[in-house]
Amino acid sequence: VKTLVPHRDQTLQEELARQQANERLRRQFAAQANVIGPWIQTKMEEIGHISIDITGSLEDQMNHLKQYEQNIINYKSNIDKLEGDHQLIQEALIFDNKHTSYTME
């Protein structure tokens with residue numbers, strides 16, 4: 001019993017540290033996802049409106065779409081960081097995140 005109790009305490013401390021690390025990953029992912037998710041939704045809606053509200057010359061439409069493309073390209077680094085955090089979450093076998101409804105799927 002004298003050897004089992006310290007071993008159990010160590011195992012519990014290791015599990016606590018693992019759970020705390022997992023929670024940090026959840027919060028880190030959620031903080032980004034809760035900003036990026038709405039941004040993506042907004043951009044998708046804007047692009048949908050552009051396709052419905054086609055006005056102006058083809059050149060004007062093309063320039064407008066190129067501006068959207070450039071905005072998305074400029075924002076890609078944020079999405080890449082989120083993807084990296086998602087990879088860490090997968091590697092840690094975390095399957096739920098109460099801090100966000102967004103996922104990478």
Taking the side chain as C-beta and beyond, is there a heavy-atom pair between Ile36 and Tyr75 under 4.5 Å?
yes
Does Asn34 use its side chain to pair, donor to acceptor, with the backbone of His99 at less than 3.5 Å?
yes
How long is the straight-line distance from NZ of Lys43 back to OH of Tyr68, given to the nearest 0.5 Å?
5.5 Å
Tell me whether Val35 is reachable from Met44 by hopping between hydrophobic residues (I, L, V, M, F, W, Y) whose side-chain heavy atoms are closer than 4.5 Å.
yes
Atom CD in Gln20, atom CG in Leu16: separation rounded to 0.5 Å?
4.0 Å
Can a donor-acceptor pair be found between the side chains of Gln90 and His86 at a distance below 3.5 Å?
yes
Between atom OG1 of Thr103 and atom CG of Asp96, what is the distance when rounded to the nearest 0.5 Å?
12.5 Å
With a 4.5 Å limit on heavy-atom distance, are the side chains of Trp39 and Ile72 in contact?
yes
For Leu25 and Ala92, which heavy atoms make the closest approach, and how far apart are they?
CD1-CB, 4.1 Å
Do Arg18 and Glu14 sit within salt-bridge range, that is, some charged N less than 4.0 Å from a carboxylate O?
no
Rounding to 0.5 Å, atoms CD1 (Ile79) and CD1 (Ile73) come to a distance of 11.0 Å
With sequence neighbours excluded, residues passing salt bridge (Lys or Arg N to Asp or Glu O under 4.0 Å) with Asp9:
none
Please indicate whether Met104 has more than 12 foreign heavy atoms, meaning atoms of other residues, nucleotides or ligands, lying under 6.0 Å from its CE.
yes
Salt bridge (Lys or Arg N to Asp or Glu O under 4.0 Å) involving Glu69 - partner list, sequence neighbours excluded
none
Output the distance between atom CD (Gln13) and atom CD (Glu15), rounded to the nearest 0.5 Å.
11.0 Å
Got a sec, which residues hit side chain to side chain donor-acceptor pair (under 3.5 Å) with Gln87, two or more places apart in sequence or on another chain?
Glu91
Hits for side chain to side chain donor-acceptor pair (under 3.5 Å) against Arg24, two or more places apart or cross-chain, chain-then-number order -> none
Looking at Ala33 and Tyr102, what are the two nearest heavy atoms and their distance?
O-CD1, 3.4 Å
Find the distance between CD1 (Ile94) and CZ (Phe29) and round it off to the nearest 0.5 Å.
10.5 Å
Side chain to side chain donor-acceptor pair (under 3.5 Å) partners for Ser57, two or more places apart:
Glu59, Asp60
Candidate pair Arg26 and Glu23, rule side-chain contact (heavy atoms from CB on, under 4.5 Å), full reasoning:
CA-CA 5 Å; Arg26 284 183 186 99; Glu23 184 62 15; 3.5 Å; yes
When every non-hydrogen atom of Asn78 is compared with those of Gln32, the smallest separation belongs to O-OE1, 4.2 Å
same_hphob_cluster(Leu12, Leu4) at 4.5 Å side-chain heavy-atom cutoff
no
Would you say Lys76 has more than 12 foreign heavy atoms packed within less than 6.0 Å of its NZ?
no
Sequence neighbours excluded, which residues qualify as side chain to side chain donor-acceptor pair (under 3.5 Å) partners of Gln28?
Asp85
Would you say the side chains of Glu45 and Gln41 form a donor-acceptor pair under 3.5 Å?
no
